[in-house]
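For reference, the structure is listed below as structure tokens.
Predicted, not measured: the structure shown is a model, and the values here were computed from it. Throughout, numbering of the chain's residues begins at 1 and tracks the sequence.
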Amino acid sequence: MNRQRSRPRLQISHGPKKKVEYEHPPDLGNLSPDLQPCSPPTFCTPEDGAVQEQFLVIGKYVIHQSNPSVECCTAIDKTTGQEFICKVLPLCKYRQNLAPYFATDGHPNIVSIWEIILGQTSAYVFFERGYGDLHSYVREKKKIKQAEARELARQVVAAVHHCHENGVILRDLKLRKFVFKDAERTELRLDGLDDAITLEDDEASDTLTDKHGCPAYVSPEILSARNGYSGKCADLWSLGVMIYTMLVGRYPFHDREPIALFGKIRRGAYKIPDTVPARAKCLVRNLLRREPSERLSAAEALDHPWFTRPLMVEPPNRPVLVQKGVDQTVPDYDYPMEEISLDSSLPN
């Protein structure tokens, strides 16, 4: 049974006929310059020929649009001072873009739309802000202790299960997609569904043909499938990569050269350190199966003993020989998504 989160009912309203633009910002009260969510949007501020920043008043919100071409911007509620993330979508296709959000609305570990205001040509979609993403947290911690990792991983698996149960395939599942809901960084939510695909009905096939995703998380069948692959099974592989990385502090498959990385993924060449508890190893191995049909489903993963049974007492820390190299830590960069989705030189 899904737990419903406590929040106001989603409002879809029509904004003013004309949006108010300011060359200089109005009095914004406690507007903070640091309103970005898990991954801050890049605002272009060149010295010469700079793009003029805009402060738009849409309903009760003041939207800071540093660059009109950037879809994601920051906003503040004038009445409460609450900070939000605002996505500006073309009015003609905003419902299509938001379909995955509508399908998964209400789950505590998946972002929900706070409010939608329809303008003349654009839809302004407001989301609650986050408190940092999981990728940055793992880099900061190096690796996460078992008890904390288990609780965070359980929330991640619960989000993936809810998406699959409601016909949503995530495609680009990775640590960066999850942000903390609270400043204490104990509760997670899946914060981005822009790359997700919504199936038409429960009977629809989840077979996909496009090669889309982050190389470090991509499954072997995406690299070799000629007639399509199961989108849900590919998500489950990425889920295994996430849990491994949280426990170990590095990716199971990593190399600076994409071709070498893809070779490791195709061979399933990875090793789980002895410091990882046995039940956690079992879960990871059953998600990182080269054969898609052999992987646990998200529902089965939630019922795995690592989540359902009391934690085993971890043995005392033993000295571990660490071999220096690029594979030893979670890097602070991502491969360009185009290397998977657009590069025609990828193996078929």
Side-chain angles (χ1 to χ4, degrees), residues 1-3 5 38 104 107-111 130-165 170 173-191 216-217 232-233 235-254 270-289 294-318 320 328-330:
M1 181 179 294
N2 297 329
R3 294 178 294 171
R5 57 181 294 185
C38 56
T104 58
H107 193 275
N109 299 119
I110 301 177
V111 66
Y131 292 87
D133 65 272
L134 189 53
H135 179 276
S136 301
Y137 188 65
V138 173
R139 279 188 55 80
E140 175 188 330
K141 293 282 188 177
K142 306 303 181 185
K143 64 178 181 179
I144 305 176
K145 292 183 179 180
Q146 183 189 184
E148 182 182 12
R150 185 178 78 154
E151 177 55 28
L152 295 178
R154 185 195 60 76
Q155 296 177 49
V156 171
V157 177
V160 175
H161 173 236
H162 184 73
C163 288
H164 287 181
E165 196 175 45
L170 297 167
L173 183 61
K174 55 187 177 182
L175 290 170
R176 289 189 190 275
K177 287 295 182 77
F178 283 83
V179 304
F180 289 96
K181 296 163 56 177
D182 56 339
E184 294 75 25
R185 298 194 288 189
T186 60
E187 297 184 41
L188 286 171
R189 70 164 183 250
L190 176 59
D191 205 50
Y217 298 83
K232 292 182 179 179
C233 289
D235 283 348
L236 294 168
W237 174 278
S238 300
L239 185 60
V241 173
M242 290 181 63
I243 296 175
Y244 178 103
T245 307
M246 293 166 65
L247 288 164
V248 180
R250 58 181 171 86
Y251 294 135
F253 311 95
H254 181 67
Y270 75 97
K271 181 180 179 180
I272 306 178
D274 293 336
T275 53
V276 176
R279 290 174 185 165
K281 280 185 182 179
C282 177
L283 175 60
V284 170
R285 285 171 177 160
N286 281 282
L287 289 171
L288 294 181
R289 297 276 189 182
E294 296 178 358
R295 295 171 201 158
L296 295 178
S297 68
E300 291 169 337
L302 273 179
D303 289 333
H304 190 275
W306 190 48
F307 292 128
T308 59
R309 296 182 184 176
L311 284 179
M312 299 175 63
V313 178
E314 296 186 48
N317 290 332
R318 293 175 293 178
V320 179
Q328 300 307 310
T329 59
V330 179

Q.
According to ring pair (Phe, Tyr, Trp, His ring centres under 6.0 Å), who are the partners of F180, at least two apart in sequence or on a separate chain?
A. Y137
Q: Search all heavy atoms of K143 against all heavy atoms of T275 and return the closest pair with its distance.
A: NZ-OG1, 4.0 Å
Q) What distance separates K141 NZ from R185 CZ, expressed to the nearest 0.5 Å? A) 6.5 Å
(Q) Once salt bridge (charged side-chain N to carboxylate O under 4.0 Å, His left out) is applied, do any residues pair with E148, and if so which ones, sequence neighbours excluded? (A) none
(Q) Please list all pairs meeting salt bridge (Lys or Arg N to Asp or Glu O under 4.0 Å) that have one or both residues in residues 276-286, counting only residues at least two apart or in different chains. (A) D274-K281
Q: Could you check if a side-chain atom of Y251 sits within less than 4.5 angstrom of a side-chain atom of Y217, using non-hydrogen atoms only?
A: yes
Q | For L236 against A298, the heavy-atom pair lying closest together | A | CD2-N, 3.5 Å
Q) If you measure from OG on S238 to CG on L288, what distance do you get to the nearest 0.5 Å? A) 9.5 Å
Q | Least distance between heavy atoms, P273 atom then Y244 atom | A | CD-OH, 4.0 Å
Q) Closest heavy-atom contact between A153 and W306? A) CB-CZ3, 4.0 Å
Q. Less than 4.5 Å apart, any side-chain heavy atom of R154 and any of L302?
A. yes
Q. Rounded to the nearest 0.5 Å, how far does CG of L173 lie from CZ of F178?
A. 5.5 Å
(Q) So, taking the atom named NZ in K145 and the one named CG in L311, what distance separates them when rounded to the nearest 0.5 Å? (A) 13.0 Å
Q | Closest non-hydrogen atom pair, A158 against N109 | A | CB-OD1, 4.1 Å
(Q) Taking the side chain as everything from C-beta on, heavy atoms only, tell me whether L239 gets closer than 4.5 Å to R295. (A) no
Q | Contact check, side chains of V276 and V284, non-hydrogen atoms, under 4.5 Å | A | no
Q. Do the non-hydrogen side-chain atoms of M246 and L134 ever get within less than 4.5 Å of each other?
A. yes
(Q) Taking side-chain contact (heavy atoms from CB on, under 4.5 Å) as the definition, give me every residue that meets it alongside T104, ordered by chain and number, with sequence neighbours left out. (A) I110, H162, C163, V168, L193
Q | With sequence neighbours excluded, residues passing side-chain contact (heavy atoms from CB on, under 4.5 Å) with A301 | A | V157, L283
Q: Would you give the length of the straight line joining atom CG of L188 to atom CG of L152, rounded to the nearest 0.5 angstrom?
A: 5.0 Å
Q | Closest non-hydrogen atom pair, A280 against L247 | A | CB-CD1, 3.7 Å
Q. How long is the span from the CD atom in E151 to the CD1 atom in I144, to the nearest 0.5 Å?
A. 11.5 Å
Q | Check: L175 and D133 side chains under 4.5 Å, non-hydrogen atoms | A | no
Q. L287 versus W237: any side-chain heavy-atom pair under 4.5 Å?
A. no
Q. Is the shortest heavy-atom distance from the side chain of K232 to the side chain of S297 under 4.5 Å?
A. no
Q. Excluding sequence neighbours, so at least two apart, what forms side-chain contact (heavy atoms from CB on, under 4.5 Å) with N286?
A. C282, R289, L296
Q | E187 side chain to Q155 backbone, donor-acceptor under 3.5 Å | A | no
